[in-house]
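The following block contains the structure, expressed as structure tokens.
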Number of protein chains: 2
Amino acid sequence: MKTYYCDLEVTLEVIGGKWKGLILYHVIKGPKRTSELKRLIPNITQKMLIQTLRELEASGLISRKMYNQVPPKVEYSTTELCQSLEPILRSLCTWGGNYAEKSFAQDEFEILHLE
Amino acid sequence: MKTYYCDLEVTLEVIGGKWKGLILYHVIKGPKRTSELKRLIPNITQKMLIQTLRELEASGLISRKMYNQVPPKVEYSTTELCQSLEPILRSLCTWGGNYAEKSFAQDEFEILHLE
DNA sequence: CTGTATCCTTGTTGATACTG
DNA sequence: CAGTATCAACAAGGATACAG
């Protein structure tokens, strides 16, 4: 029996960590191939990408579809369980943008919006 | 010059990690003393509590007020910069509660709502 | 292209003891 | 009550090489 002391602890267990939110943010906007995600999240290593995708899959938030082709093609998409996160992730994103504007020195940072 | 590839990366840098969200969630509902926070977040160690509070303070999200008494009294409250996080944290919280209901086995977990 | 396996480094976290 | 300091332990992350 696992004990949580706040609903938020559950959330953080499922989508917390260094990469989960970021991956979900991109996948939630539409199915993505592994290589696309790698491009959208330049700082992630292949190992962490795959590992995190597996964890999200295990949590039931994304699903993995494999096409039997050569070369291989795999697509990740969100499950219904994940859809309700979309507005929240968007809010978090917006908040970060505002925060950066207000709190970071103008010429000490840049935000590139990849697509 | 620091480069981000998504606004969300900024957010995660500021309020990501194991404890920041949880502390903010409690402080945002009203000023809290150190010992209250320790009680509300049973699994955090004193070291991590203080350390995380300092980080949040450095990010401008909370402020620390010290009363010169014996025994000492300290209160943490949120700054204006932090207020806009309130609805987001509430959403994240709600989401976690729903997720637990749907995805966890009935008798494998419990959520205690401390106050 | 997608994914696995290994090794190694780092940083975060925890336990404990102590101070004003 | 609030906070500091030190050290140890562990998990997370990265680099690299390799495979289907």
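Letters A, B, ... are given to chains in the order of the sequence lines, protein chains preceding strands, and every chain is numbered from 1. Values below: all heavy atoms of this structure, side chains included; hydrogens, waters and symmetry mates excluded. Predicted model, so just to flag it, every value in this text is computed and none were measured.
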Problem set entry | Length of the line joining B/Leu53:CG and D/dG3:P, which is rounded to integer Å |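 Interatomic distance, CG of B/Leu53 to P of D/dG3: 8 Å.
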For this session: Could you state the atom-to-atom distance from CD1 of A/Ile50 to P of D/dA19 in whole Å?
Result: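 Rounded to whole Å, this separation is 18 Å.
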Exercise. In whole angstroms, how far is the C1' atom of C/dG3 from the NZ atom of A/Lys65?
Worked result: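 For the pair A/Lys65 NZ and C/dG3 C1', the rounded distance is 20 Å.
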For this session: Could you check how far CD1 of A/Ile41 sits from C1' of D/dG13, rounded to whole Å?
Result: 15 Å
Exercise. Are OP1 or OP2 of D/dA2 and a side-chain N or O of B/Arg33 less than 4.0 angstrom apart?
Worked result: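 Checking B/Arg33 against D/dA2: at least one side-chain N or O falls below 4.0 Å of OP1 or OP2.
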Exercise. What does A/Tyr76 touch in the nucleic acid at a heavy-atom separation under 4.0 angstrom: a base, only the sugar-phosphate, or nothing?
Worked result: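 Touches sugar-phosphate only.
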Exercise. Are OP1 or OP2 of D/dG3 and a side-chain N or O of B/Arg64 less than 4.0 angstrom apart?
Worked result: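 Looking at the OP1 and OP2 atoms of D/dG3, one of them is under 4.0 Å from a side-chain N or O of B/Arg64.
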Exercise. Is A/Lys73 close enough and on-axis enough to A/Tyr67, meaning under 6.0 Å and within 45°, for cation-pi?
Worked result: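 Positive - A/Lys73 is close enough to the ring of A/Tyr67 and near enough to its axis.
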Exercise. Hey, are B/Arg39 and B/Glu115 close enough for a salt bridge, meaning a charged N less than 4.0 Å from a carboxylate O?
Worked result: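 No salt bridge links B/Arg39 with B/Glu115.
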Exercise. In whole angstrom, what separates A/Gln51's CD from D/dG14's P?
Worked result: 10 Å
Problem set entry | nucleotides 14-20 of chain C: protein proximity per nucleotide (B base, S sugar-phosphate only, - neither; heavy atom, under 4.0 Å) | BB----B
Exercise. B/Arg54 side chain N/O closer than 4.0 Å to the phosphate oxygens (OP1, OP2) of D/dG3?
Worked result: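 Yes.
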Exercise. Do B/Lys20 and B/Glu55 meet the salt-bridge criterion of a basic N to acidic O distance under 4.0 Å?
Worked result: yes
Problem set entry | 5' priority, DNA chain D, between A/Gly17 and B/Pro71 [closest heavy atom] | B/Pro71
